[in-house]
Amino acid sequence: MFSDMMTMFFVVGSSLLAAATAVGFGLVLFRRDQSDTHVLLRGVDLPCSYTFRDGYLLSDAVRNDPFLADPDDRVAAWGDLRESLVALNHDAGRAMDALRTRGDSFLVTARIGDDDLSVSGRLQQGRSVVSISSTTPGSDRRLVDSAGLDAMTDELDLLRHALAFGEMALWQEDDTGQIVWANKAYFDLLQRTDPAAETLVWPIRRLFPPDKEAESGSSSRVTLDLPDSPDPLRFEHENTVYQRGALHVARPIDRLVAAETSLRDFVQTLSRTFAQLPIGLAIFDKRRQLVLFNPALVTLSTLPSDWLSARPDLPAFLDRLREHQRMPEPKDYKEWRAEMAALEQAARDGTYQELWTLPNGQTFRVIGRPHADGAVAFLFEDISQEVTLTRKFRGDLDLYQAVMDDSPEALAVFAKDGRLVFSNAAYDTMWPAATGAGVIEASRQWQEACAPSPLWGDLRDFVGGFGDRCAWSEPVETADGCGLVCRMAPLKGGATLVGFMPRGVLASPRPREAAPVGGGDRPQMAAAAP
């Protein structure tokens, strides 16, 4: 039993001796030696940084830090770091003292074996920051914690699923043009183009022909024939330089091509429809280029159809109209150009409408309207005949007005609803208070200016169209003793003419031949000459 006890003590003692030896050897490896020549680094990750405030360590410290004797002792950390750096470079001590007392930044170098180190210090937001890094590119190591690694793995898995989920075919080519990578959409296209192939063998074949003249970032449309479909697949192909080769993408555009075809057919239908219109139509897109016009525009503008088909912009179109004298000649060209800019803005807001009187006597009505997607549409209508008729009608009205104004009889025409629609100069002179008034207000003015008479009520009923409407006249006398003859005559459209003449001018009033106005039993009024 004694021998067993001795053996047990021997084994325990040997273990303790080995542990003590290992600890001592570790201290030799991780701490500064007695000769103060260098620091041996084993397992340290560079770059590393230490943040202090008034000598107190604020940053996180790692276990077995080679520059700190006790990473948990944050008060003594500044002295430990200074002592370790002085062993690397004797100037590091003075530099750290200047950083702590005056905030002076520093940068010193050191060497451990074959490794060159860079030690820097700076003052940042009242804190002293000391950083240690390797001067050899690529020699620093970075620690990646498990959470960061999981996040990167998840992101990589997400990117792979995203590339496999989309319809775009992606593939990478090396500098020899050989495909070295492709996504799922590309492999699906390979399978569709060759359904008999059970397996794919690298290098996989190219689906789209190479375009050596295509620049990086340029795009082009390509097609891909399928054995099971009469219609080819359409793609928009782009490429960009990647590493020593290129990265390619092919986006399906079948729906886009179908939409463009539908739009083109629709535009052709509109063109055939607009071809029958007498109004000239010009549509400019958001870049103000002519995209649609009809034959009437060629006729009205006298511009060549081939020039219009070349899709000129709006300023060139207006300049050409001016050259062909199909718009009013401006007095000031600069002012005209400013007006054309205002024309475009007004058309974009949907407020432009103007009459153009051309040098040859024609008149155009020009209307600007906003269109979809920032486009602008202009309508040109020849209204020369309409303007001529309007001017002739206005001239006739002026002539008739002059003839009526020359008449000594005071004349007024009332509509069926009692509105005054016409009066001559004699009426405005005789009844200034009733000028512009309807039959109700005018008859009141007449009644107040004349002796009492039942005429005025009958007159209002006559204008309103109650009962028979036959021309008749009746004498009245003004308050100052002047005798007048008031006559009424029906006109077309339910209108009524009311006239006033001095009694001496008219030989005798015209009696009413019909029943009394208003359908009453009142006997006819005999108007005797004075």
Side-chain angles (χ1 to χ4, degrees), residues 390-520 522-530:
T390 302
R391 290 173 180 172
K392 184 178 182 303
F393 180 71
R394 185 176 302 164
D396 293 342
L397 288 180
D398 293 341
L399 176 61
Y400 299 151
Q401 182 72 46
V403 172
M404 299 302 292
D405 288 342
D406 190 61
S407 174
E409 185 180 10
L411 299 174
V413 178
F414 295 94
K416 189 174 183 178
D417 58 359
R419 291 180 297 104
L420 178 68
V421 295
F422 174 80
S423 65
N424 65 349
Y427 177 85
D428 296 337
T429 303
M430 180 178 293
W431 307 107
T435 301
V439 67
I440 302 297
E441 182 63 28
S443 62
R444 289 175 181 172
Q445 298 292 333
W446 303 335
Q447 186 174 357
E448 291 175 359
C450 299
S453 172
L455 168 67
W456 312 116
D458 295 339
L459 185 147
R460 287 191 287 268
D461 292 340
F462 187 87
V463 172
F466 299 102
D468 296 332
R469 288 172 51 84
C470 298
W472 59 280
S473 60
E474 191 167 322
V476 293
E477 187 174 343
T478 62
D480 56 2
C482 179
L484 298 175
V485 175
C486 176
R487 72 183 184 94
M488 282 145 283
L491 301 177
K492 291 183 178 181
T496 302
L497 173 66
V498 179
F500 295 90
M501 279 286 290
R503 193 177 301 178
V505 178
L506 191 62
S508 61
R510 182 178 180 181
R512 285 178 278 182
E513 300 176 356
V517 177
R522 180 171 174 263
Q524 295 183 357
M525 304 173 65

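All figures in this text were calculated on a predicted structure; none of them were measured in a lab.
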| field | Spacing of CG belonging to Leu397 relative to CZ belonging to Phe422, to within rounding of 0.5 Å | value | 9.5 Å
| Whether Trp456 and Trp446 hold their rings parallel, tilted or perpendicular, with breakpoints at 30° and 60° | tilted
| note | Interatomic distance, CZ@Arg503 vs SG@Cys486, rounded to 0.5 Å, equals 12.0 Å
| At what distance, to the nearest 0.5 angstrom, does CG of Asn424 lie from CE of Met430? | 9.5 Å
| note | Scanning both residues in full, the closest heavy-atom pair of Ser423 with Gln401 reads O-NE2, 3.4 Å
| When you measure from the side chain of Asp405 to the backbone N and O of Ala425, does any donor-acceptor pair fall under 3.5 Å? | yes
| remark: Between Ala433 and Gln445 the two heavy atoms that sit nearest each other are CB-OE1, 3.5 Å
| request: Output the distance between atom SG (Cys450) and atom CG (Leu484), rounded to the nearest 0.5 Å. | output: 6.0 Å
| task | State plainly whether the residues Asp398 and Arg394 are in salt-bridge range, i.e. N to O under 4.0 Å. | result | no
| message | I need the minimum non-hydrogen distance between Ala442 and Ala437, along with the two atoms involved. | response | N-CB, 4.2 Å
| query | What pair of heavy atoms forms the shortest contact from Arg460 to Ser443, and how long is it? | reply | NH1-OG, 2.7 Å
| message | Distance check, rounded to the nearest 0.5 Å: Glu441 atom CD versus Leu420 atom CG? | response | 12.0 Å
| request: Give the intermediate values and the outcome of side-chain contact (heavy atoms from CB on, under 4.5 Å) for residues Arg487 and Leu411. | output: CA-CA 10 Å; Arg487 72 183 184 94; Leu411 299 174; 4.1 Å; yes
| field | CG on Leu399 to NZ on Lys392, rounded to 0.5 Å | value | 10.0 Å
| Minimal non-hydrogen separation, Cys470 against Pro490, with atom names | C-CD, 4.1 Å
| field | Name of the residue among Leu497, Leu491, Val498 meeting side-chain contact (heavy atoms from CB on, under 4.5 Å) with Phe414 | value | Val498
| query | Can you check whether Val403's main-chain N or O pairs, donor with acceptor, with Ser407's side chain at less than 3.5 Å? | reply | no
| task | Applying side-chain contact (heavy atoms from CB on, under 4.5 Å), run through Gln447 and Leu459 and close with a yes or a no. | result | CA-CA 11 Å; Gln447 186 174 357; Leu459 185 147; over 6 Å; no
